[in-house]
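One-based numbering, in listed order, for ligands and for the atoms of each.
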Amino acid sequence: MGAFFIFVHMASGNPIGIFDSGIGGLTVFRSIVEQLPGYDYIYLGDNGRAPYGNRSFKTIHQYTWECVQWMFKQGCPLVVLACNTASAKALRTIQQQDLPKKHADKRVLGVIRPTAEVIGNYTQTKEIGVLGTTGTIQSGSYLIEIEHFFPELKVHQQACPLWVPLIENGEYDKPGADYYVQLYLDQLMQQSPDIDTILLACTHYPLLKDKIKAHLPAHVNVVAQGDIVASSLVDYLNRHTEIEQTLTKTGNRQFYTTIDDTATFDHHASLFFNDEVKSEYVDVRECI
Ligand code: DGL
């Protein structure tokens with residue numbers, strides 16, 4: 001009898017890891033490769049367990065930390081959580097407890113702080129709306145972070161729990177999506193007529209951006225995070241040469257997902273990434 005050989009794919013080099021619960025993080029990844037094209041990257045979408053939005057702190061931390069450790073195993077010295085829900089509910093524990101204990105030489109960054117640092121620059125009326133998952137909104141993370149950088153801003157929040165399921169199931173461009181887009185926008189805009197800027201505080205939501213804009217008055221700015229997070233990463237790498245120097249730069253990009261239907265992932269991912277995506281299925285729990 002011949003021996004069995006099990007091929008487990010490993011990424012090569014020391015790529016930057018980009019993580020999201022599903023396909024939404026591709027909206028951030030796209031901006032990152034535009035601003036930092038030379039680096040190697042791996043993208044991991046935990047589509048098999050998405051959405052994260054309604055899950056507990058404990059579960060989101062557990063899932064996110066499993067994915068982050070899997071990315072460390074692939075050689076990533078640095079992982080960006082391109083997910084607001086994971087940034088709101090898992091990042092602090094990872095940075096303050098998990099990394100010092102197990103991976104003191106690695107870094108994990110989120111998307112909330114870089115966004116809070118600049119969002120006040122977009123508004124004239126000083127009243128903004130923040131749209132996010134239930135987890136992100138209930139965590140109060142944006143209220144706390146924005147208060148820190150722009151204490152004069154009035155921040156109105158609205159959870160949109162049905163938007164991520166619509167997007168993950170490929171319904172984001174269908175007419176039925178309009179009903180749910182309008183539902184949450186109406187609830188937000190009823191909070192104040194002076195909101196002139198709306199932050200899409202979920203990396204999935206840019207996929208609904210055209211529909212969102214169509215339901216709002218023309219003077220309301222709709223701000224997505226991709227370019228903001230990418231600029232902040234450029235700045236981070238300039239300031240942290242000890243991390244930057246460990247990253248490999250051959251322009252290689254690999255995509256992984258925890259859902260076994262990689263064909264559906266590839267189809268949607270290619271549309272949002274604006275380039276062909278060919279992903280591989282991984283079981284991140286195997287590495288723990
Ligand atoms: N893209 C994630 C975010 O930015 C979506 C979370 C989810 O899976 O519900 O919050």
Between D210 and K213, does the salt bridge (charged side-chain N to carboxylate O under 4.0 Å, His left out) criterion hold? Intermediate values first, please. CA-CA 5 Å; D210 290 345; K213 283 177 116 169; over 6 Å; no

Using residues 135-150 as the side-chain source, report each donor-acceptor pair under 3.5 Å to any protein atom, sequence neighbours left out, with the distance given to one decimal.
| from | atom 1 | to | atom 2 | distance (Å) |
| --- | --- | --- | --- | --- |
| T136 | OG1 | T85 | N | 3.4 |
| T136 | OG1 | T85 | OG1 | 3.4 |
| T136 | OG1 | T133 | OG1 | 3.1 |
| S139 | OG | T136 | O | 2.7 |
| S139 | OG | S141 | N | 3.2 |
| S139 | OG | S141 | OG | 2.8 |
| Y142 | OH | N84 | OD1 | 2.5 |
| Y142 | OH | Q225 | NE2 | 2.9 |
| E145 | OE1 | R113 | NE | 3.4 |
| E145 | OE1 | R113 | NH2 | 3.4 |

According to the salt bridge (Lys or Arg N to Asp or Glu O under 4.0 Å) rule, which pairs have a member within residues 89-101, sequence neighbours left out? none

Between R253 and E276, is there a side-chain N and carboxylate O pair less than 4.0 Å apart? no

Centroid separation under 6.0 Å, is that true for the rings of Y256 and Y43? no

Could you go through ligand 1 and list every pair where one of its N or O atoms sits under 3.5 Å from a protein N or O, giving the atom names and the distance to one decimal?
| from | atom 1 | to | atom 2 | distance (Å) |
| --- | --- | --- | --- | --- |
| ligand 1 | 1 (N) | D20 | OD1 | 3.0 |
| ligand 1 | 1 (N) | T203 | OG1 | 2.7 |
| ligand 1 | 1 (N) | H204 | ND1 | 2.6 |
| ligand 1 | 4 (O) | N84 | N | 2.8 |
| ligand 1 | 4 (O) | N84 | ND2 | 3.2 |
| ligand 1 | 4 (O) | T203 | N | 2.8 |
| ligand 1 | 4 (O) | T203 | OG1 | 3.3 |
| ligand 1 | 8 (O) | S21 | OG | 2.6 |
| ligand 1 | 8 (O) | Y52 | N | 2.7 |
| ligand 1 | 9 (O) | Y52 | N | 3.2 |
| ligand 1 | 9 (O) | G53 | N | 2.8 |
| ligand 1 | 10 (O) | N84 | N | 3.4 |
| ligand 1 | 10 (O) | T85 | N | 3.1 |
| ligand 1 | 10 (O) | T85 | OG1 | 2.6 |

N/O donor to acceptor pairs below 3.5 angstrom from side-chain atoms of residues 161-168, sequence neighbours left out:
| from | atom 1 | to | atom 2 | distance (Å) |
| --- | --- | --- | --- | --- |
| W163 | NE1 | Y180 | O | 3.0 |
| E168 | OE1 | N47 | ND2 | 3.1 |
| E168 | OE2 | I23 | N | 3.0 |
| E168 | OE2 | H204 | NE2 | 2.7 |

